[in-house]
Amino acid sequence: MKVTLADGLASKGILVVGLAFEQGKKASLVIESGDLALDTKPLLAMLKTMGATGKPDEVIKVPTAGFQLLVFTGLGKASRKYAHEVLRRCAGAATRSLAGNEAVAYSLPTSDLHSVAAIAEGAVLGSYLFEEFKGKTKGDQKSPVTSITIHTSFAKSPEAKSISSRAIIIGEYTSMVRDLVNTPPSHLHPVSFAETMKKAVAKAGGEKAGLKISILNEKQLKAQGFGGIIGVGQGSAVPPRLIHISYVPKKAKRKFALVGKGITFDTGGLNLKPGPGMEAMKSDMGGAAAICAATLAIAALKLPIAIHAWAPLAENMVSDTATRPGDIHTMYGGKTVEVLNPDAEGRLILADALVKACEEKDLDGIIDVATLTGAQVIALGTRTSAVMTNNDEISQQFLTAAQESGESFWPMPLPEDLRASLDSPVADLANIGEKMGGMLVAGLFLREFVPSQLPWIHLDIAGPAYNETGAFGYTPKGGTGIAMRSLIRFVENAAN
Ligand code: BES
Ligand code: MN
Ligand code: ZN
């Protein structure tokens with residue numbers, strides 16, 4: 001991917017400009033081409049005839065004299081200063097609709113450097129394609145947009161270079177998360193996930209970049225007492241793994257641990273999920289993918305914050321060796337859990353990983369990311385993720401970062417009255433409790449595995465990790481990459 005900021009139009013190729021609408025007695029369209037002056041009168045007349053609305057996700061392409069193609073992308077309501085996420089999305093929607101072309105230029109309204117960055121980011125994120133399993137014969141595979149030029153008067157500013165390189169990094173690692181989520185369980189299992197990460201760490205520069213990876217195999221996991229990961233993975237022909245990626249810069253201002261749920265496929269185990277829709281459970285490793293990719297991106301950005309990322313990986317399958325309802329497993333660190341429902345498996349592998357992650361000394365906080373509960377989707381829908389915490393300050397910092405990165409997260413409580421529902425008559429805890437408020441119960445379960453004085457946030461991304469409806473803005477169908485950008489922004493903010 002190439003991203004260039006330019007203060008003059010370099011070519012007469014494909015140009016993307018914005019289209020907004022003005023409400024009022026006489027509704028009208030507004031062309032928003034940023035610093036580029038266009039002869040708008042005939043264009044507006046044509047757009048009106050075409051029935052253009054300027055609404056978000058409307059992309060209109062017109063062959064006009066002067067350009068190979070002029071593309072209007074919807075901004076929504078006209079404004080003097082467009083929200084960064086509006087810009088990100090309209091740039092992304094345009095790129096998405098231009099797949100198959102190599103180079104695209106954008107001239108959109110930029111009120112400050114942050115809006116330039118948002119456009120670059122959205123344009124890059126919209127270029128994503130997942131074509132790996134489509135016929136290799138000519139015509140079956142589209143080629144992605146690989147050269148993005150942002151036309152802006154800010155092009156000469158000293159920040160221009162870091163804006164393009166950051167957009168490229170965000171794009172590269174969002175693609176990594178999306179690819180991992182989209183890759184089916186026939187091709188992605190705990191062992192191959194771990195191998196992929198090993199290669200990715202080497203490609204990102206390895207120890208020279210401050211990165212290290214270690215992978216615990218099933219023998220080591222068993223010997224060291226990771227009963228949650230072993231218990232969930234024991235029904236699968238492919239053994240579980242625990243990945244640890246560390247990024248330690250020369251001078252670290254702070255240190256955070258990240259933990260991500262890595263169920264490469266969730267059948268529900270002996271509590272088998274219904275067939276229709278089960279294919280979406282290939283996304284059940286979206287948390288693990290997000291924290292691994294975020295760590296590599298943080299290293300690529302050379303941020304002065306140490307990161308310890310832990311990804312427990314297992315496949316939740318049905319077999320004669322699978323965990324039975326009622327089995328008791330001992331989590332890493334010694335707590336016992338009665339597995340009343342083998343479909344509540346995420347919290348078991350996370351319990352192990354959280355306890356392990358908290359062994360690191362002098363942590364400033366710990367964040368876990370998981371496609372944890374169907375209750376999250378019921379409560380907040382498919383596009384808004386949940387934040388639960390034992391510390392309002394770190395939660396607020398994360399919510400600010402999410403807001404800045406354009407990802408939708410919302411705070412949820414951990415009500416004490418629900419905690420008792422996780423009591424078990426035969427073990428320290430049961431893996432399920434009160435059904436109502438299931439997302440919060442899952443959060444309360446995880447809280448048991450984090451020291452109460454360590455700032456912790458739990459992100460439930462069950463719905464937002466995987467887009468089952470249609471593409472929108474810069475978000476494709478399938479894997480979305482959710483949480484990674486907010487994690488990066490959180491760490492960027494912690495460095496400043
Ligand atoms: N991976 C699922 C949660 C999920 C649901 C993710 C929908 C993405 C979309 C998780 O392992 C699960 O099965 N949770 C159960 C928990 C219940 C048994 C307490 C659920 O939510 O039904
Ligand atoms: Mn499950
Ligand atoms: Zn699951």
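Counting starts at 1 for both ligands and their atoms, in listed order.
- Taking the Zn ion (ligand 3) as reference, the nearest N/O/S atom within D266 carries the name OD2.
- At the top of the distance list for atom 3 (C) of ligand 1, counting protein heavy atoms only, stands L372 O, 3.5 Å.
- The single protein non-hydrogen atom nearest to atom 19 (C) of ligand 1 is I432 CG2, 3.5 Å, given as residue, atom name and distance.
- Aromatic ring pairs are classed by plane angle as parallel below 30°, tilted from 30° to 60° and perpendicular above 60°; the pair Y128 and F130 is parallel.
- The protein atom (non-hydrogen) at minimum distance from atom 18 (C) of ligand 1 is N341 ND2, 3.3 Å.
- The residues E359 and K356 are annotated as salt-bridged, a charged nitrogen and a carboxylate oxygen being separated by less than 4.0 angstrom.
- Nearest protein neighbour of atom 2 (C) of ligand 1, counting heavy atoms only, is D266 OD2, 3.5 Å.
- Close approach to E345 involves these atoms of ligand 1, each under 4.0 Å from a residue heavy atom: 11 (O).
- With the Zn ion (ligand 3) as vertex, K261 NZ and E345 OE2 subtend 90°, rounded to 10°.
- Nearest N/O/S atom of D266 relative to the Mn ion (ligand 2): this is OD2.
- For D284, a nitrogen or oxygen atom sits less than 3.5 Å from a nitrogen or oxygen atom of ligand 1, counting backbone and side chain alike.
- Under a 4.0 Å N-O distance rule, the pair R447/D368 does not qualify as a salt bridge.
- The pair E121-R485 meets the salt-bridge criterion, since a charged nitrogen lies less than 4.0 angstrom from a carboxylate oxygen.
- Partner of E492 under the salt bridge (charged side-chain N to carboxylate O under 4.0 Å, His left out) criterion, chosen from R166, R254, K302: R166.
- One of the N, O or S atoms belonging to D284 lies under 2.8 Å away from the Zn ion (ligand 3).
- The closest approach between a heavy atom of R347 and any atom of ligand 1 is below 4.0 Å.
- At distances below 3.5 Å, at least one donor-acceptor pair connects side-chain atoms of E58 with backbone N or O atoms of T53.
- For F490 and F256, the gap between ring centers is short of 6.0 Å.
- Contact annotation: the side chain of D460 never approaches that of V387 to less than 4.5 Å [non-hydrogen atoms, C-beta and beyond].
- Regarding atom 20 (C) of ligand 1, its nearest protein heavy-atom neighbour is G374 N, 3.8 Å.
- Here is the list of ligand 1 atoms found below 4.0 Å of a heavy atom in A462: 6 (C), 8 (C), 9 (C).
- Residue Q376 does not touch ligand 1, judged by heavy-atom distances below 4.0 Å.
- The closest side-chain heavy-atom distance from F265 to M278 is below 4.5 Å.
- Judged purely by atom type and a 3.5 angstrom limit, T475 has no side-chain atom pairing as donor or acceptor with the backbone of A471.
- Using a 4.5 Å cut-off on side-chain heavy atoms (C-beta onward), I457 and M388 make no contact.
- Considering backbone and side-chain N/O of M281, none are found under 3.5 Å from N/O of ligand 1.
- Checked against a 3.5 angstrom limit, the closest N/O atoms of K261 and ligand 1 fall inside it.
- At a heavy-atom distance under 4.0 Å, atoms from both the backbone and the side chain of D343 approach ligand 1.
- Contacts with ligand 1 closer than 4.0 Å are made by no heavy atom of I263, backbone or side chain.
- Of all N/O/S atoms in E345, OE1 sits nearest the Mn ion (ligand 2).
- At least one donor-acceptor pair closer than 3.5 Å links the side chain of T95 to the backbone N or O of A91.
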